**Student:** 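One structure coming up, written as structure tokens, with questions to follow.
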Amino acid sequence: MSKITVIGAGSVGATIANDLMVQGIASEIVLIDINQQKAFGEALDIYQAAPFCSPAIVRCGDYPDAQDSDIVIITSGVARKPGQSRLDLAQTNVNILKDITPNIVKVAPKAVYIIVSNPVDVLTYVFSKISGLPEHQIMGSGTILDTSRLQSTLAKRFHISPKNVHAHVYGEHGDTSFVPWSLVHIANNHIDSYKACAPDGDSINWNQNYAEVEEFVRTSGAQVIKAKGATFYAVAISVCHICKCIFNGAGTALTVSTMMHGEYGVEDVALSTLTIVDRTGVRGKIMNHLTDGEVDKLRASATKLKDTISKLSI
């Protein structure tokens with residue numbers, strides 16, 4: 001038996017709840033929202049597809065219904081509008097998180113918490129500071145979606161399965177994110193040498209297009225918001241993937257947002273580096289060797305987040 005509570009029944013929260021049931025990740029899914037009627041409608045709509053999925057209970061509830069949850073996913077907050085940065089949402093969504101935190105932690109103190117609301121790194125930091133929970137129980141969805149965007153666009157360029165693309169986005173889930181290109185490999189070859197090794201190398205369009213690819217990854221979310229008003233499908237799938245990795249228990253390397261304590265010279269901020277996730281939540285960080293330039297980028301990302309945090313009322 002596995003129980004997941006999703007706080008926030010907006011587009012992201014409801015899509016996560018739906019995907020959790022469709023993929024058979026949890027046997028019980030509780031949907032909580034300040035708008036109880038919305039949560040009721042979403043839960044009922046999702047549950048009525050149960051005969052076509054793995055057996056699961058999907059229901060709306062209030063904080064006491066989250067008791068004994070294995071995972072709690074927090075999606076509540078104001079959504080980003082066209083032209084807004086994730087950091088523009090900071091104080092509003094911090095205030096919402098401050099209201100939620102004591103209510104949910106009281107009833108689910110042993111759950112692993114996944115923060116999804118934006119700005120995710122700032123909110124992960126705030127939750128770590130105010131929840132009173134051990135840090136290994138807390139992670140933000142971080143750059144896992146950015147990493148998926150990176151892997152999928154590189155897979156297209158190199159005509160290969162995304163599963164053979166080992167590439168990750170580090171730093172803030174936002175404008176200061178970056179790709180540590182020194183770590184990027186395609187089918188066990190560094191990205192810049194794969195073309196020469198590939199059977200179809202002549203058809204591969206790659207000339208160290210680092211800036212072009214990073215710009216695509218950074219602006220993808222804004223493009224979706226501009227085109228359709230919101231992003232929720234890809235982020236929901238990525239959060240469900242985190243849940244599967246937690247329940248799997250084997251230990252999976254993911255770019256989730258966690259608190260930094262001096263790694264790469266960065267501390268007292270939450271951002272994404274490659275981290276092992278298992279049944280306990282955050283097992284620890286993988287200290288990959290970064291170039292001096294990549295360390296500088298990570299520190300610049302941390303500085304940007306710290307500047308935002310310093311202006312908040314926590």
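Heavy-atom basis, side chains included; hydrogens, waters and symmetry copies ignored. This one's a predicted model, so the numbers in the text were calculated from it and none came from an experiment. Note that the numbering runs from 1 along the sequence shown for the chain.
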**Student:** With a 3.5 Å distance limit and no angle check, can you tell me whether Lys129 reaches the backbone of Thr124 through a side-chain donor-acceptor pair?
**Tutor:**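 Side chain of Lys129 to backbone of Thr124: no pair is present.
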**Student:** Just say parallel, tilted or perpendicular for the rings of Tyr194 and Phe158, cut-offs at 30° and 60°.
**Tutor:**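 Ring orientation of Tyr194 relative to Phe158: perpendicular.
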**Student:** Taking only Lys NZ, Arg NE, NH1 and NH2, and the carboxylate oxygens of Asp or Glu, determine whether Lys195 and Asp202 approach each other closer than 4.0 Å.
**Tutor:**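 Salt bridge absent between Lys195 and Asp202.
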**Student:** Is any side-chain heavy atom of Thr308 closer than 4.5 Å to one of Pro119?
**Tutor:**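 Side chain of Pro119 against side chain of Thr308, heavy atoms only: no contact under 4.5 Å found.
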**Student:** Please confirm whether the backbone N or O of Ala187 pairs with a side-chain atom of Asn189, one donor and one acceptor, at under 3.5 Å?
**Tutor:**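 Yes, because the side chain of Asn189 sits within donor-acceptor range (under 3.5 Å) of the backbone of Ala187.
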**Student:** Got a sec: does the NZ of Lys156 have more than 12 other heavy atoms crowding it under 6.0 Å?
**Tutor:**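 No, NZ of Lys156 has 12 or fewer neighbouring heavy atoms, counting only those of other groups under 6.0 Å.
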**Student:** Run the side-chain hydrogen bond (donor to acceptor under 3.5 Å, both in side chains) check on Ser182 and Glu294 step by step: do they pass?
**Tutor:** CA-CA 9 Å; Ser182 66; Glu294 289 163 354; 2.8 Å; yes
**Student:** Checking the side chain of Gln137 only, and the main-chain atoms of Ala111 only, is there a donor and an acceptor separated by less than 3.5 Å?
**Tutor:**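 Between the backbone of Ala111 and the side chain of Gln137 there is a qualifying donor-acceptor contact (under 3.5 Å).
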**Student:** For the backbone of Tyr264 and the side chain of Arg299, can you confirm whether one donor and one acceptor N or O come within less than 3.5 Å of each other?
**Tutor:**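 The answer is yes, because a donor-acceptor pair under 3.5 Å joins these two groups.
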**Student:** Roughly how far apart are Ser69 OG and Glu28 CD, rounded to 0.5 Å?
**Tutor:**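 Taking OG in Ser69 and CD in Glu28, the distance rounds to 7.5 Å.
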**Student:** Once rounded to the nearest 0.5 Å, what's the spacing between atom NZ of Lys297 and atom CG of Asp292?
**Tutor:**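 Interatomic distance, Lys297 NZ to Asp292 CG, rounded to 0.5 Å: 12.5 Å.
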**Student:** How close do Val112 and Arg279 get, heavy atom to heavy atom, and via which atoms?
**Tutor:**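 Taking Val112 first and Arg279 second, the nearest heavy atoms are CG2-O, 4.1 Å.
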**Student:** Other residues, nucleotides and ligands only: do more than 12 of their heavy atoms fall within 6.0 Å of OH on Tyr47?
**Tutor:**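 Atom OH in Tyr47 is not crowded, with 12 or fewer foreign heavy atoms closer than 6.0 Å.
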**Student:** Check whether any side-chain heavy atom of Asn207 lies under 4.5 Å from a side-chain heavy atom of Asn205, and answer yes or no.
**Tutor:**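 Yes, side chains in contact.
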**Student:** Report yes or no: do Asp192 and Trp206 form a side-chain donor-acceptor pair below 3.5 Å?
**Tutor:**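 A donor-acceptor contact under 3.5 Å links the two side chains.
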**Student:** Dump the intermediate steps for salt bridge (charged side-chain N to carboxylate O under 4.0 Å, His left out) on Arg157 and Glu212, then the final yes or no.
**Tutor:** CA-CA 12 Å; Arg157 283 176 177 262; Glu212 180 186 333; 2.5 Å; yes
**Student:** Could you check His185 against His166 for ring-ring contact (aromatic ring centres under 6.0 Å, His included), going step by step and ending with a plain yes or no?
**Tutor:** CA-CA 5 Å; His185 285 74; His166 298 280; 8.1 Å; no
**Student:** Can a donor-acceptor pair be found, under 3.5 Å and without considering hydrogens, that links the side chain of His159 to the backbone of Ser203?
**Tutor:**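 Answer holds: yes.
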**Student:** Closest approach of Ala230 and Val224, non-hydrogen atoms and distance?
**Tutor:**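 So the two residues come closest at O-CG1, 3.5 Å.
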**Student:** I'd like to know whether Lys285 forms a side-chain hydrogen bond (donor to acceptor under 3.5 Å, both in side chains) with Thr258, so could you lay out the CA-CA distance, the side-chain angles of the two residues, the decisive distance to 0.1 Å, and finally the verdict.
**Tutor:** CA-CA 9 Å; Lys285 297 176 180 63; Thr258 59; 3.2 Å; yes
**Student:** Minimum heavy-atom separation for Ala167 and Val184, please, with both atom names.
**Tutor:**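 Heavy atoms of Ala167 and Val184 come nearest at CB-CG1, 3.7 Å.
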**Student:** Using the side-chain hydrogen bond (donor to acceptor under 3.5 Å, both in side chains) rule, pick out the option among Thr255, Asp146, Asp121, Thr143 that qualifies with His173.
**Tutor:**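 With His173 as partner, side-chain hydrogen bond (donor to acceptor under 3.5 Å, both in side chains) holds for just one option, Asp146.
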**Student:** Ignoring hydrogens and angles, tell me if any N or O in the side chain of Asp65 forms a donor-acceptor pair with the backbone of Asp62 under 3.5 Å.
**Tutor:**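 The answer is yes, because a donor-acceptor pair under 3.5 Å joins these two groups.
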**Student:** Taking only Lys NZ, Arg NE, NH1 and NH2, and the carboxylate oxygens of Asp or Glu, determine whether Arg283 and Asp278 approach each other closer than 4.0 Å.
**Tutor:**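 Asp278 and Arg283: salt-bridged.
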